[in-house]
Amino acid sequence: RYRDPTEKCAVRTLFQTMTSLKNVYIHECEKFGCKKNSLLLKSLPDEVANAQTLEILDLSENVVGPKGLRALFQVIANAPKLKKLNLKNNSLTNDVITPLVDILVTHPSIEELNLEDNPITTAAGKDLLSLTKSNSNIVSVSLSGTIVRPLMTNCIGFQIDRNKRAKNLPVDEFRAFTFGDDTSAQAFQMEDETTKARDVLFKKTQIATDADEEEERELKRRWSKSWG
């Protein structure tokens with residue numbers, strides 16, 4: 001992760017002044033030792049000035065994978081007009097969500113992120129919640145088909161609704177709550193009536209996230225003991 005925001009800006013400025021997005025992608029593929037995606041290469045602008053025109057990057061079901069996504073981080077960072085990023089069904093894991101969030105948290109234009117049908121868990125959801133809080137431009141995060149718990153997706157949904165209100169965009173008048181294993185949904189109006197329920201939801205989400213992280217640590221300990 002970038003420890004200093006000025007470091008990220010310096011890298012971004014360097015790429016923006018020296019090369020096209022296509023060349024940035026080629027450079028990053030060589031850096032990470034991953035195969036270049038031919039369809040992606042065709043879609044990326046090959047002129048430096050055209051980096052300003054890329055608004056949609058659709059890689060849905062493109063089998064980019066975790067390593068391939070890392071090669072795209074600088075492409076995303078150097079596309080200042082990018083609004084929609086579709087990464088549906090790309091076998092992405094928690095390990096790449098944190099650095100992806102690091103890129104998107106200061107992105108000036110990104111509004112929609114699709115991570116559907118990727119095997120990411122609630123731990124990644126925690127980073128995505130932080131993203132929606134830090135970058136108020138985010139008005140859509142799609143997590144259908146992931147392993148992120150409903151508690152966390154609800155929290156992300158609440159924050160997205162806040163972001164939408166700030167932009168005077170329409171929001172869900174009612175949002176369903178699911179607490180633990182109780183699948184019965186209760187609808188609450190999004191303003192004053194939901195304040196107490198929202199606080200409970202955030203607390204329960206934190207407990208669930210901590211439990212997931214503890215479970216992962218325990219599995220690692222067992223694996224290390226078995227193979228140690």
Side-chain angles (χ1 to χ4, degrees), residues 1-29 31-32 37 40 43-45 47-60 62 64 66-88 90 92-116 118 120 124-143 146 148 155-169:
R1 300 178 71 170
Y2 288 98
R3 296 181 180 179
D4 183 352
T6 59
E7 179 185 350
K8 187 191 298 186
C9 292
V11 173
R12 180 183 298 167
T13 302
L14 175 64
F15 274 125
Q16 285 178 338
T17 56
M18 68 179 284
T19 188
S20 67
L21 290 181
K22 182 174 289 188
N23 285 335
V24 169
Y25 177 61
I26 292 171
H27 175 274
E28 294 296 286
C29 284
K31 173 182 174 180
F32 289 104
N37 187 300
L40 177 58
S43 68
L44 290 175
E47 298 292 336
V48 176
N50 289 343
Q52 300 285 335
T53 66
L54 185 67
E55 294 188 358
I56 300 174
L57 192 54
D58 188 350
L59 300 171
S60 55
N62 210 358
V64 171
K67 184 182 287 188
L69 181 60
R70 290 182 185 277
L72 278 170
F73 288 159
Q74 286 305 320
V75 173
I76 295 167
N78 287 278
K81 300 296 184 180
L82 183 66
K83 294 183 178 180
K84 299 181 181 181
L85 178 59
N86 190 340
L87 298 171
K88 178 180 179 180
N90 272 284
L92 303 180
T93 58
N94 289 358
D95 292 343
V96 292
I97 299 303
T98 298
L100 174 63
V101 166
D102 282 346
I103 294 294
L104 296 182
V105 74
T106 56
H107 197 283
S109 301
I110 193 69
E111 295 178 351
E112 299 181 19
L113 175 62
N114 190 333
L115 291 168
E116 293 178 357
N118 286 292
I120 60 175
K126 193 174 181 181
D127 282 335
L128 294 169
L129 176 59
S130 177
L131 170 64
T132 59
K133 289 180 177 180
S134 300
N135 190 337
S136 61
N137 288 324
I138 305 287
V139 293
S140 176
V141 175
S142 302
L143 294 170
T146 67
V148 180
C155 283
I156 293 171
F158 283 134
Q159 184 58 48
I160 284 173
D161 285 345
R162 290 193 188 104
N163 295 350
K164 285 182 175 180
R165 284 197 199 89
K167 294 176 173 290
N168 294 317
L169 296 174

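Not one N or O on the side chain of Ser109 forms a donor-acceptor pair closer than 3.5 Å with the backbone of Leu82. Although no hydrogens or angles enter the test, the distance criterion places a donor-acceptor pair under 3.5 Å between the side chain of Asn135 and the main chain of His107. Proximity of a side-chain donor or acceptor of Tyr25 to a complementary backbone N or O of Leu40 within less than 3.5 Å is not detected.
At least one side-chain heavy atom of Leu143 sits less than 4.5 Å from a side-chain heavy atom of Ile120. Residues Gln159 and Leu129 meet the side-chain proximity criterion, which asks for heavy atoms closer than 4.5 Å. Between Asp95 and Arg70, some side-chain heavy-atom pair lies under the 4.5 Å cut-off. Looking only at side-chain heavy atoms (C-beta outward), Ile97 and Leu115 come within less than 4.5 Å of each other. Side-chain atoms of Ile76 and Leu104, non-hydrogen and from C-beta on, do get closer than 4.5 Å to each other.
Between the NZ atom in Lys67 and the CD atom in Glu28 there is a gap of 13.5 Å [rounded to 0.5 Å]. To the nearest 0.5 Å, atoms NZ (Lys81) and CD (Gln52) are separated by 6.0 Å. Note that CD1 of Ile56 is 8.5 Å distant from CD of Glu112, once rounded to the nearest 0.5 Å. Atoms CZ and NZ, on Phe158 and Lys133 in that order, are 12.5 Å from each other to the nearest 0.5 Å.
For Ser60, the side chain to side chain contact (heavy atoms under 4.5 Å, CB included) partners are Asp58, Asn86, Lys88, not counting sequence neighbours. With sequence neighbours excluded, the residues forming a side chain to side chain contact (heavy atoms under 4.5 Å, CB included) with Ile26 are Lys22, Asn23, Glu30, Lys36, Leu41, listed by chain and number. Every side chain to side chain contact (heavy atoms under 4.5 Å, CB included) that Ser142 has, sequence neighbours left out, goes to Asn114, Glu116, Ser140.
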Might you work through the side-chain hydrogen bond (donor to acceptor under 3.5 Å, both in side chains) test for Thr98 and Asp127, ending with a clear yes or no?
CA-CA 6 Å; Thr98 298; Asp127 282 335; 2.5 Å; yes
Could you walk me through whether Leu87 and Leu100 pass side chain to side chain contact (heavy atoms under 4.5 Å, CB included), step by step?
CA-CA 11 Å; Leu87 298 171; Leu100 174 63; 4.0 Å; yes
Evaluate side chain to side chain contact (heavy atoms under 4.5 Å, CB included) for Leu72 paired with Leu59, printing each intermediate quantity in order.
CA-CA 11 Å; Leu72 278 170; Leu59 300 171; 3.2 Å; yes
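Between Leu131 and the options Val141, Val101, Ile110, a side chain to side chain contact (heavy atoms under 4.5 Å, CB included) holds for only Val101.
For the residue pair Ser136 / Asn163, no side-chain donor-acceptor distance below 3.5 Å is found, with atom types taken as modelled. Under the 3.5 Å distance criterion, with hydrogens and angles disregarded, a donor-acceptor pair is assigned to the side chains of Lys167 and Asn137.
Across all their heavy atoms, Pro66 and Thr93 have their closest contact at CG-OG1, 4.0 Å. Pro99 and Phe73 get closest at one heavy-atom pair: CB-CE1, 3.6 Å. Taking all atoms of both residues into account, the shortest heavy-atom contact from Ala79 to Leu54 is CB-CD2, 4.1 Å.
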